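Here's the structure we're looking at; comments come further down.
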Amino acid sequence: MIKRRRLIYNTALLTLSSLLMSCIGMAFQVWLVGRIGSSGIGLYQLVISVTNLCATFAISGIRFASTRLVSEELGLENPGGISQAMRRCLGYAALFGAAATAILWLLAEPIGFLWIGDARTVASLKLSALSMPCVSLCASVSGYFTACGRVWKPTLIHLIEQLLGIALVALFLASAPSGDIEQSCAAVTLGRVAADIMSLLLMMIAYLGDRQRHYGEPGRGSELTARMLKIAVPLAVSAYARSALSTLQHLLVPRGLKSAGYSADGALSGYGTIQGMVLPIIFFPSCIMAAVAELIVPELTEAQVQQDRDGIRRATGTLLRLSLIFSGAVAAFIFVFADKLGLAVYDSNEAGYYIRVLAPLIPIMYTDMTVDGCLKGLGQQVWCMGINILDSVLGLVLVWQLLPRYALGAYIAIIYFTEAFNFVLSLLRLRRTVR
């Protein structure tokens, strides 16, 4: 049975916390734009694109795997197997996190010089390598708390991490020379890495205390390693492919803009405007959809294990309707007030223009989050893998072919096409699965 009260409570909690963290993050982003400029934001976004690729390898599907594995043990009424399941998940996370650190550290220079094409990113890439085990282990523990329905613990830790990261970034930036994009980017990266390390320490303390309190002595689970790999590996393969393609696509954007006639800093500025300024505004209200997409996974998994088909149909239908209503209202608001948002947040007419251009896409973006969460909760991660890879391949090809000719106009059109393509295929698969 879908636990509606728990779902509503946790969704409200995650939504409020996400709104708070989004407000803090948005204010910090505005300050950061003023401190290092749109060119600095563009350079940092390139570092983030590579770091996200390595973080994807570090996580390798373990967040969802730990959520589903623990949810299955709860659905089978075998809480003793949870500790054994988490041992395997944490070992898996530690292995891939360490491997990601080694890869990014050793390849930082070739990536910076040859792949990104900007030597100023090398120092930031090496710093980012240090946070990979923290990212993977935190993802595994966060999946555990999501499955158990105690999301307030990782939520509080993430809030502490964000505040600490902002303070450290401001501290390190104060010692970076004004106008030096390379050192400014490294200072921002160092602050984030230090916050990741502290977050891991807090997360492990919370996990060990929670496990001892609620589940006591470890028990046995059936074929836990095989089940974990069956869940994690398809998601990992999908994430590798999609993240690699997405990273390559992001790296091609400044090059495509240069080919279209932009200067080097102009290309970084245009890219930074879309990725670092406009899209954060577009996704700012999506925290409620992100919360629902995360929390519906264990609920649908338990219902599937218990063969509650009617509950699954009701839950997915209700969530889709609410997603469309909410996202439609958000899209209308952002479209009407786009100019004022651009001026109020960034003091930029250009940002306001692109916010209005992308606002009609919000219902598709937000509802797609809910659809993906439902599919993963029903064990359709392999289908999600195929759809996401196909979407990324199309985006990459379109960026490569169209950006040198049509510049930022082509980039906006590509975002529209790929988001709509992914949403339609995912929705069709969900309808077939639920019926």
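In this chain, numbering begins with 1 at the start of the sequence shown. As the structure is a computational prediction, the values presented were derived from the model and not from experiment.
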Atom CD1 in Ile181, atom OG1 in Thr121: separation rounded to 0.5 Å? 12.0 Å
Please indicate whether Trp31 has more than 12 foreign heavy atoms, meaning atoms of other residues, nucleotides or ligands, lying under 6.0 Å from its CH2. yes
Indicate whether any N or O donor in one side chain lies under 3.5 Å from an N or O acceptor in the other, for Thr370 and Ser323. yes
So, Ser140 side chain and Leu137 main chain: donor-acceptor pair closer than 3.5 Å or not? no
Shortest non-hydrogen contact between Arg211 and Ser83, atoms and distance: CD-OG, 3.2 Å
Please answer whether the main-chain N or O of Cys138 pairs with a side-chain N or O of Tyr207 as donor and acceptor at a distance below 3.5 Å. no
Mind running side chain to side chain contact (heavy atoms under 4.5 Å, CB included) on Leu104 and Val50 for me, showing each step along the way? CA-CA 9 Å; Leu104 185 54; Val50 176; 4.2 Å; yes
Rounded distance (nearest 0.5 Å) linking atom NZ of Lys340 with atom CD1 of Ile334: 15.0 Å
Gly395 to Thr418 - nearest heavy-atom pair and separation: CA-CG2, 3.7 Å
Answer yes if the side chains of Asn422 and Ser426 hold a donor-acceptor pair under 3.5 Å, and no otherwise. yes
Look at the side chain of Ser348 and the backbone N and O of Ala351, then say whether any donor-acceptor pair between them is shorter than 3.5 Å. yes
Residue pair Leu324, Tyr366: steps toward the side chain to side chain contact (heavy atoms under 4.5 Å, CB included) verdict: CA-CA 8 Å; Leu324 285 171; Tyr366 287 16; over 6 Å; no
Greater than 12 external heavy atoms within 6.0 Å of Arg313's CZ: yes
Taking C-beta and beyond as the side chain, do Tyr346 and Ile281 meet within less than 4.5 Å on heavy atoms? yes
Does any part of the side chain of Met369, heavy atoms only, come nearer than 4.5 Å to the side chain of Phe283, both counted from C-beta? yes
Closest non-hydrogen atoms of Glu73 and Ile82, given as atom of the first, atom of the second and distance, are CB-CG1, 4.0 Å
Provide the closest heavy-atom pair for Ala108 versus Leu125 in the form atom of the first, atom of the second, distance. O-CD1, 3.7 Å
Could you pull out the closest heavy-atom pair between Ser66 and Tyr144, with the gap in Å? OG-N, 3.8 Å
Trace of the side chain to side chain contact (heavy atoms under 4.5 Å, CB included) decision for Phe172 with Leu190: CA-CA 8 Å; Phe172 296 143; Leu190 180 59; 3.6 Å; yes
My understanding is that only residues two or more places apart in sequence, or in another chain, count here; which of them pass salt bridge (charged side-chain N to carboxylate O under 4.0 Å, His left out) with Asp339? Arg356
Could you check whether any side-chain N or O of Thr318 sits under 3.5 Å from a backbone N or O of Ala315, counting only pairs where one atom can act as donor and the other as acceptor? no
Asp368 vs Met365 side-chain heavy atoms within contact, under 4.5 Å: no
Can you find a heavy atom in the side chain of Ile197 that is under 4.5 Å from one in the side chain of Ser131? no
Do Ser199 and Ile160 make a side-chain contact, defined as non-hydrogen atoms from C-beta onward lying under 4.5 Å apart? no
Just wondering, more than 12 heavy atoms not from Met21 lying within 6.0 Å of its CE? yes
For Phe333 and Phe337, take the angle between the two ring planes, folded into 0 to 90°, and tell me which bin it lands in: parallel under 30, tilted 30 to 60, perpendicular over 60. tilted
Could you walk me through whether Thr433 and Trp383 pass the side chain to side chain contact (heavy atoms under 4.5 Å, CB included) test, one step at a time? CA-CA 11 Å; Thr433 301; Trp383 275 92; over 6 Å; no
Do Phe417 and Leu394 have side-chain heavy atoms sitting under 4.5 Å apart? yes
Please check if the side chain of Thr101 supplies one atom and the backbone of Gly97 the other of a donor-acceptor pair under 3.5 Å. yes
So, using side chain to side chain donor-acceptor pair (under 3.5 Å) as the criterion, who are the partners of Arg63 when residues are at least two apart? Ser142, Glu294
In this structure, CG of Asp196 is separated from CE of Met132 (nearest 0.5 Å) by 7.5 Å
Would you compute the distance between atom CG of Leu279 and atom CD of Gln45 and round it to the nearest 0.5 angstrom? 9.0 Å
Is the closest side-chain heavy-atom distance between Val70 and Thr146 below 4.5 Å? no
Is it the case that over 12 heavy atoms from other parts of the model lie below 6.0 angstrom from the OH atom of Tyr353? no
Side chain of Ser136, backbone of Ile59: donor and acceptor closer than 3.5 Å? no
Side chain proximity check, Tyr44 to Thr189, heavy atoms < 4.5 angstrom: yes
Please report the closest heavy-atom contact between Met203 and His158, naming both atoms and the distance. CE-CE1, 3.8 Å
Kindly compute the distance separating CD (Glu72) from OG1 (Thr67), expressed to the nearest 0.5 Å. 11.0 Å
Does Arg68 reach the main-chain N or O of Gly377 with its side chain, forming a donor-acceptor pair under 3.5 Å? yes
Rounded distance [0.5 Å steps], CD1 in Ile231 versus NZ in Lys376: 12.5 Å
Anything under 30° is parallel, anything over 60° is perpendicular, the rest tilted; go ahead and classify Phe57 against Phe96. perpendicular
